[in-house]
Structure formats: structure tokens, C-alpha cells
Protein chains: 2
Amino acid sequence: MARPRKVQELDEPHLEAWRSFLRAHARLTEVLEHELSRDAGLPLVWYDVLIQLHHAGGRLRMHDLARAVLLSRAGLTRLVDRISADGLVEREPCPDDRRGTFVLLTAKGIARLEEARPVHHDGIQEHFGRHVSLREAATLRRVFDRVLRQVEP
Amino acid sequence: MARPRKVQELDEPHLEAWRSFLRAHARLTEVLEHELSRDAGLPLVWYDVLIQLHHAGGRLRMHDLARAVLLSRAGLTRLVDRISADGLVEREPCPDDRRGTFVLLTAKGIARLEEARPVHHDGIQEHFGRHVSLREAATLRRVFDRVLRQVEP
DNA sequence: GCACAATAGTTGCTAGATCAACTATTTGGA
DNA sequence: TCCAAATAGTTGATCTAGCAACTATTGTGC
């Protein structure tokens with residue numbers, strides 16, 4: 001049960017990077033969440049659901065959608081309840097697996113997404129992109145993808 | 001009410017960096033939270049409260065602690081309730097401002113922090129630090145601090 | 001010196017997330 | 001073939017966070 005021996009200690013520069021990473025994430029998501037719901041009337045998780053469905057061509061199984069938006073299956077059940085009550089998505093039974101349920105983007109959902117996307121992208125550009133060089137963006141992506149490969153299941 | 005005109009569009013490399021940033025944050029905090037409570041019996045927010053108090057020399061006003069751990073004042077009230085019920089911190093009225101309350105680290109709190117810190121630092125090193133060069137760590141820090149300066153109040 | 005605004009902290013209410021348990025279905029050996 | 005294990009989704013219970021409202025105190029402009 002002992003933790004595995006570490007090869008090397010965590011040093012100060014890495015810890016500082018980690019702290020800045022955490023603070024930046026907290027503040028950025030707070031601001032972007034606020035701006036998106038103020039200017040597009042859409043909570044960030046709703047946006048995320050819509051965009052994931054869109055990327056997947058308009059339909060996803062509950063299970064896959066849950067993984068895509070980083071939510072538990074139970075959490076997604078309730079979230080999809082709310083979003084579909086607003087008419088932006090709908091459920092459809094899955095024909096070849098009768099346990100399964102598809103979630104699909106409705107026309108109304110597509111419209112809301114088209115409306116919200118520029119708002120959100122402007123926010124990301126304003127608070128993040130604009131302060132980051134192309135070279136730095138490439139570094140961030142490379143580093144985080146490398147980290148993710150080790151930590152993803 | 002129109003959003004200000006953007007100077008430049010959000011481009012694909014920045015958007016990819018942003019997405020990787022979000023995913024990495026979600027997965028890393030999930031893993032670290034899980035490991036910390038498994039191996040040190042401490043939720044991450046509790047750790048954060050203890051470490052912030054420690055950095056501040058053992059005592060902080062509720063208001064300042066709330067800002068430090070990125071929580072609303074109401075949220076912190078309840079959090080401090082729970083942590084002090086476990087004996088790791090305690091409240092003390094503030095002598096020169098009778099509206100105010102200090103939160104202070106107890107001996108038990110210090111002990112738990114000493115115990116938890118290596119666990120958490122090992123986790124950060126294992127899942128983050130080890131995959132990031134010194135040069136990259138410096139870039140992350142520089143970028144996120146730059147971003148934070150624009151978005152912090 | 002006093003009224004009024006601002007600030008510190010707590011509390012009631014509610015929204016949203018998780019875990020564990022449950023039902024229904026599918027899968028994969030013996 | 002058939003039964004046990006795995007998987008999909010939902011539901012109940014619970015936990016934690018935020019907002020708005022409240023009390024108490026401090027600061028400020030006249």
C-alpha cells in the first residue's frame with residue numbers, strides 16, 4: 001500500500017507552474033461561464049453538451065456524451081433532462097442496443113449553438129488567446145496532451 | 001450591449017491549446033483529489049485551506065482565506081465549519097475589528113498538513129511535473145501569470 | 001457627531017453533482 | 001444453451017457550492 005518511490009522530487013519551478021495553472025483555470029472558467037450565460041443565456045456545461053454533439057455529427061450515446069463532457073452518467077441523465085426540457089436536444093432509443101439511448105441535437109439546439117459559439121470564442125480569445133503567442137499555444141498543447149496520455153484511461 | 005469588436009479571431013492552434021488545457025485540468029484534479037483522499041484522508045479543498053493558512057503564517061481572516069481558496073464567503077463558512085469540527089483549524093474573534101473572524105491552524109492541522117503534503121507533491125510530480133521540462137514549466141508559469149494579470153480583479 | 005453606505009460573516013434556500021442501488025439488456029464462457 | 005458477469009441508463013439519498021437576505025460592525029461625508 002506504500003506509494004511507489006518517486007524518481008525525482010517536485011521542484012519549485014514546477015510547483016509554481018502548477019499553481020499558476022490552477023489559478024488561471026479557476027479564474028478563466030469563472031469569467032467565461034459568466035460571460036456566456038450573460039451574453040448567450042447558456043451555461044457552460046450546456047454549451048459543452050451541444051458542441052460535443054455537434055462534433056459527433058449530431059448524435060451520441062449517453063455513455064459517450066458523459067465521457068466527452070467529463071460528467072458522471074447520473075449527472076448527465078439530469079443534465080440531459082434539463083436541456084431537453086428546453087428543447088435543445090432530445091432522446092431517442094437506440095435500435096440495435098435496447099439498453100441504450102441516443103441524445104440528438106435538435107434544430108433549436110443547432111440554432112442556439114450557432115448563436116453561442118461566437119460569443120464563447122470571443123471570450124476565449126479575449127481572456128486567453130490574445131495573451132498567448134502561437135509558439136506558446138503550441139507548447140501548451142504539446143505539454144497537456146503529453147500529460148493527458150499518461151493520466152487518461 | 002454589443003460585445004466589443006474583437007481585434008483578432010480565435011484561431012485553431014489557440015483553440016486546441018485551450019481544449020487540451022481544459023481536459024488536462026479536469027483529469028489531473030480528478031486524479032489528484034482521488035489520490036489525496038485515498039492516501040492522506042484529506043479532500044483537496046481541505047488541503048488547500050490548510051496550506052493557505054500555513055503560507056500565511058497560521059492565521060487568516062475569513063474573507064482573505066475565501067479569496068485564497070477561490071470560494072465564496074458563504075461556501076467558506078461551511079467549509080470552515082466542517083474542518084474545525086475535525087479539529088484541524090479553529091475560529092478566533094478578531095480583536096481590532098469586531099466584525100471579523102480569524103481562522104487558525106491547530107497543532108493537529110499542522111500535523112495533518114505535514115502528512116498530506118508529500119503525498120500531494122508526489123502526485124503532482126507523478127502526473128504533471130515528470131512530464132514537463134523545466135523550460136516548459138517556465139513557459140506555463142509565464143503564460144498563465146500573464147493571463148491572470150488581465151483577468152484578476 | 002450622525003446618518004448612511006460599505007464590509008464581515010452567517011444563514012435559508014436551491015441548484016447541480018456524485019455514489020450506490022436498481023432495472024433492463026447484452027455478452028461470454030462452461 | 002444457459003447462466004453469471006458486464007454494461008446502459010435512471011433514481012434516491014446526500015453533499016457541497018452559490019445567491020440573496022440578514023445582523024453586526026466599521027468607515028465616510030456633511
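Below, each value reflects all heavy atoms present in this structure, side chains not excepted, and no hydrogens, waters or symmetry copies. Quick note on labels: first sequence line is chain A, next is B, and so on, each numbered from 1.
- Between A:Asp96 atom CG and D:dT7 atom C1' there is a gap of 15 Å when expressed in whole angstrom units.
- Atom CG of A:Leu44 and atom C1' of C:dA17 are 16 Å apart (whole Å).
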Find every protein N or O atom lying less than 3.5 Å from an N or O atom of nucleotides 16-23 of chain D, and list the pairs.
residue	atom	partner	partner atom	Å
D:dT16	O5'	B:Arg82	NH1	3.1
D:dA17	OP2	B:Arg82	NH2	2.7
D:dG18	OP2	B:Ser72	N	3.2
D:dG18	OP2	B:Ser72	OG	2.6
D:dG18	O6	B:Arg78	NH1	2.8

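- A:Asp81 places its CG atom 10 Å from the C1' atom of D:dT11, with the value rounded to the nearest Å.
- Taking the six-membered ring where the residue is Trp, A:Phe21 and B:Phe128 present parallel rings, their angle staying beneath 30° rather than reaching 60°.
- Using a 4.0 Å heavy-atom criterion, one finds that A:Thr101 contacts the sugar-phosphate atoms exclusively.
- Regarding A:Arg98, its CZ atom lies at a distance of 15 Å from the C1' atom of D:dT7, rounded to whole Å.
- Minimum interatomic distance between B:Leu65 and B:Leu60 (heavy atoms only, all atoms of both residues): CD1-CD1, 3.9 Å.
- With rounding to whole Å, A:Leu60 atom CG is found 15 Å from D:dG9 atom C1'.
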Under 3.5 Å, which donor-acceptor pairs do the side chains of residues 71-78 of chain A form with other protein atoms, sequence neighbours left out?
residue	atom	partner	partner atom	Å
A:Ser72	OG	A:Gly75	N	3.0
A:Thr77	OG1	A:Arg73	O	3.2

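- In this structure, B:Arg91 places its CZ atom 12 Å from C1' of C:dA8, rounding to the nearest Å.
- With A:Thr101 contributing its side chain and A:Met62 its backbone, the two residues share no donor-acceptor pair below 3.5 Å.
- Following rounding to the nearest Å, B:Arg61 (CZ) and D:dT25 (C1') show an atom-to-atom distance of 11 Å.
- Distance B:Arg67 CZ to C:dA8 P: 10 Å, rounded to the nearest Å.
- Here the shortest heavy-atom pairing between B:Glu90 and B:Ser84 reads CA-CB, 4.5 Å.
- Between the side chain of A:Arg99 and the base of D:dT7 there is at least one donor-acceptor pair of N/O atoms closer than 3.5 Å.
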Checklist entry - salt bridge (charged side-chain N to carboxylate O under 4.0 Å, His left out) between A:Arg91 and A:Asp81: does it pass, once the steps are laid out? => result CA-CA 9 Å; A:Arg91 285 184 170 89; A:Asp81 288 347; 3.0 Å; yes

